[in-house]
Amino acid sequence: MADRYGITGQSYVGENLKRGSDRIFHSFNSASASNTPWEFFEANTDLVDEACALAKEAFKSFQSTTFNARAAFLRAIADEMEGLGDDLLQVFCLESSLTMARARVERARTLHQLRSFAGWIETGNHCEAIIETSQGGMRPDIRKMMVPTGPIVVFGASNFPLAYSTAGGDTASAMAAGCPVIVKSHPMHAATGELVASSIIRAARATGMPNGVFSNLTASSYEVGEALVLHDAIAGVGFTGSLRGGRALYDLAARRPRPIPVFAEMGSTNPVVFFDGALKDEAIRSEWVVKMTESTSAGVGQFCTNPGLIIAVHSEALTAFVQALSERLNGVQAGDMLHPDIYHKFNQGATDFVYQPGVVELTSGVKTNGFAASSRILEVSGSDFQNNPNLHHEVFGPLSLVVRCADVEQLEAVVASLGGQLTGSLIGVENDFISHSRTIELLKSRVGRLIFNGVPTGVEVNAAMQHGGPYPATTDQRYTAVGVMSIKRWLRPIAFQNCPDDLLPEVLRNENPKGVMRLVNGEFSSRHIE
Ligand code: NAP
């Protein structure tokens, strides 16, 4: 039975609510150290089969819905979510222990994502239409465009219950592309997930979308997620979460008889390189103490863009900077983490770092209540860091490791030793950027987003954003998970050779009534073809 928020604890298999099994799990409120009031029924492989069969059937018609119809669907989801009002925000806060202010910002971002995909597909430009005409019969007429790949499975991360979850960027982009979506709901925000899923189902009904265009399977075991990835009806996977989880699902998909792509957005240490010019200037240094404190501790450090590494050449100015940063971070109140598992992994990860050779802790450490974590700054020399792979991975939470390099050569070697990252930041004055061109090139080769004089946290949602990076930041560095260009993950090219005009998809015909931008015989044009 639904409670006052409308939560039943069941899965949506298409538009029908189903239990799956009688096995029950709970989400958790870290602030009160107790279960949330809801019981969730664990989905099972029968529900996986049903949801996949429905999605396969829905794909037949959904893939050829008009761009305007799909845009109306996406806007209706945003409107329905907005219509949930404060109920959605209260449930979000209960399950995540994040603040109401954060809930509002994340909802606004999620609605913006849905509406920007609606606007983007209405232009038709996502089809990337390319036309080479026969030039009076001298060669074949070839016309190429992007089309949807098929039903997509989405796994969301616990740290973004809205923006990277049920109706988050992966779901919005896949549906915008014309692909049905099955979400494996995150067990730690299963109620938030069910409320958002109900919005999607209502929007699908209201805009005449086929049953099965969306399902939301509520599960806390790996069994359901693995069965979804292995199901023959599934054409691709969107994952946001840990490196361990993303890699496991990537390997699983590769072992299928018919392998499918897994676009996994995983962890990152987001190195921030400080140059001498910035550190030596007292005013600039003080400004960066404040900025780095905020970036490290915001959201209790639970962002994939959290600055986990600070890299600089040894100097008195660096010592002053690190000391001031540690003191300021010591003054930041400990914050409740998302759930006990994240809290325990953070403490374990920080402890593992502290016990590595040459690592010293500069902040006062670990004493907190319940599941609250305080921010931590550790330090290690460039040589100890370079030679120790145990220090190169993400510790998810408010922790930054300062890597103090002996000289510029060592700084370059440290940057060269880094794995792929979502972001890399460079803090300096103009001269620093001129004299450190090699460091800049090295960092550029390792990141998806190179930031000059800015912190890595705070991801703008727009068409130019690159939220991705070389492995292990993601499994496919060619794509972004944020912004309208993330739709490319769910599209594949198809070329039509000598196809009669009236059999072509609308965006490839000679007439171009919507003025879609197309590359015609090597020139961009939104005009008709004579
Ligand atoms: P997580 O533990 O990896 O969980 C993500 C989802 O994947 C959950 O639904 C989880 O199911 C499932 N899963 C994990 N391992 C699996 C496996 N082996 N088989 C099947 N399913 C599996 O991640 P999280 O703790 O929720 O999120 C925190 C992490 O996400 C951090 O590392 C953070 O950096 C990363 N993140 C990355 C981005 C980005 O854009 N790059 C954005 C946000 C967060 P269960 O919960 O049932 O285990």
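Indexing begins at 1, ligand by ligand and atom by atom, following the structure's order. We number each residue from 1, following the sequence as shown.
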Query raised in the report: For ligand 1, does Thr240 get within less than 4.0 Å through its side chain, its backbone, both, or neither, judged by non-hydrogen atoms?
Result: both
Query raised in the report: Hey, which atoms in ligand 1 end up nearer than 4.0 Å to a heavy atom of Ile342?
Result: 25 (O)
Query raised in the report: Of Glu194, Lys18, Arg19, which meets side chain to side chain donor-acceptor pair (under 3.5 Å) against Thr8?
Result: Glu194
Query raised in the report: Where is the nearest protein heavy atom to atom 47 (O) of ligand 1: which residue, which atom, and how far?
Result: Lys184 NZ, 3.2 Å
Report task. Would you mind reporting whether Pro271 and Leu418 have side-chain heavy atoms less than 4.5 Å apart? Result -> yes
**Report entry** Atom indices of ligand 1, in the order listed, that fall short of 4.0 Å to a heavy atom of Gly267
**Finding:** 34 (O)
Report summary line: For Ala248, the ligand 1 atoms with a heavy-atom partner under 4.0 Å come out as 18 (N)
Requested in this report: Select the closest option to atom 44 (C) of ligand 1 among Asn159, Thr480, Asn306, judged by heavy-atom distance.
Outcome: Asn159
Requested in this report: For Ser220, counting its heavy atoms only, list the atoms of ligand 1 lying under 4.0 Å from any of them.
Outcome: 47 (O)
Query - More than 12 heavy atoms of other groups within 6.0 Å of Arg258 CZ - result: yes
Query raised in the report: Would you call Val13 and Leu54 a side-chain contact if the rule is heavy atoms closer than 4.5 Å?
Result: yes
Report summary line: Honestly, for Met188 the part within reach of ligand 1 (heavy atoms, under 4.0 Å) is neither
Query raised in the report: Taking atom types as modelled, is there a side-chain donor on Asn347 or Tyr343 under 3.5 Å from an acceptor on the other?
Result: yes
Requested in this report: Check Gln302 against ligand 1 and report side chain, backbone, both or neither, counting heavy atoms closer than 4.0 Å.
Outcome: neither
Query raised in the report: Out of curiosity, is Phe303 lining ligand 1, as in a heavy atom under 4.0 Å away?
Result: no
Report summary line: Shortest non-hydrogen pair, Ala350 vs Leu399, comes out as CB-CD1, 3.6 Å
Report task. Inspect the contact between Asp170 and Arg489 and indicate whether a charged nitrogen and a carboxylate oxygen are less than 4.0 angstrom apart. Result -> yes
Query - Check: Val403 and Ile310 side chains under 4.5 Å, non-hydrogen atoms - result: no
Query - Ionic contact status for Glu82 with Arg115, cut-off 4.0 Å - result: yes
Requested in this report: Can you establish whether the number of heavy atoms outside Lys56 located under 6.0 Å from its atom NZ is more than 12?
Outcome: no
Query - Close approach of Ala481 to ligand 1, heavy atoms, under 4.0 angstrom - result: no
Requested in this report: Report yes if some N/O of Phe239 lies less than 3.5 Å from some N/O of ligand 1; otherwise report no.
Outcome: no
Query raised in the report: Does a side-chain heavy-atom distance below 4.5 Å link Ser268 with Cys304?
Result: no
Query raised in the report: What do you reckon, does Arg244 have a nitrogen or oxygen under 3.5 Å from a nitrogen or oxygen of ligand 1?
Result: no
Report summary line: Taking only non-hydrogen atoms of Ser158 and a 4.0 Å limit, the atoms of ligand 1 in range are 24 (P), 25 (O), 26 (O), 27 (O)
Report task. Would you tell me which option among Cys304, Gly241, Ala157 has the nearest heavy-atom contact to atom 35 (C) of ligand 1? Result -> Gly241
Query raised in the report: For Ser185 and ligand 1, does the shortest N/O to N/O distance drop below 3.5 Å?
Result: no
Query - Any Gly225 heavy atom less than 4.0 Å from ligand 1 - result: no
Query raised in the report: Taking the non-hydrogen atoms of Gly156, is any one of them nearer than 4.0 angstrom to ligand 1?
Result: yes
Query - Distance from atom 15 (N) of ligand 1 to nearest protein heavy atom, with residue and atom - result: Gly245 CA, 3.2 Å
Query raised in the report: What residue and heavy atom of the protein are closest to atom 21 (N) of ligand 1, and at what distance?
Result: Tyr222 CD2, 3.6 Å
**Report entry** Nearest neighbour of atom 40 (O) of ligand 1 from the list His467, Glu42, Met266, Lys345, on a heavy-atom basis
**Finding:** His467
Query raised in the report: Looking only at heavy atoms, is any part of Leu249 under 4.0 Å from ligand 1, and if so is it the side chain, the backbone, or both, or is it neither?
Result: side chain
Query raised in the report: Should we count OH of Tyr479 as having more than 12 external heavy atoms under 6.0 Å?
Result: yes
**Report entry** ligand 1-proximal atoms of Leu243, by part, heavy-atom distance under 4.0 Å
**Finding:** neither
Query raised in the report: Are any of the N or O atoms of Glu394 closer than 3.5 Å to those of ligand 1?
Result: yes
Requested in this report: With Arg102 as the cation and Phe160 as the aromatic partner, state whether NZ or CZ is under 6.0 Å from the six-membered ring centre and within 45° of the axis.
Outcome: yes
**Report entry** Side chain, backbone, both or neither: Leu422 near ligand 1, heavy atoms under 4.0 Å
**Finding:** side chain
Query raised in the report: Looking only at heavy atoms, which two atoms of Ile260 and Ile234 are closest? And how far apart?
Result: CG2-O, 3.4 Å
Query raised in the report: What protein heavy atom is closest to atom 3 (O) of ligand 1, reported as residue, atom name and distance in Å?
Result: Ser242 OG, 2.6 Å
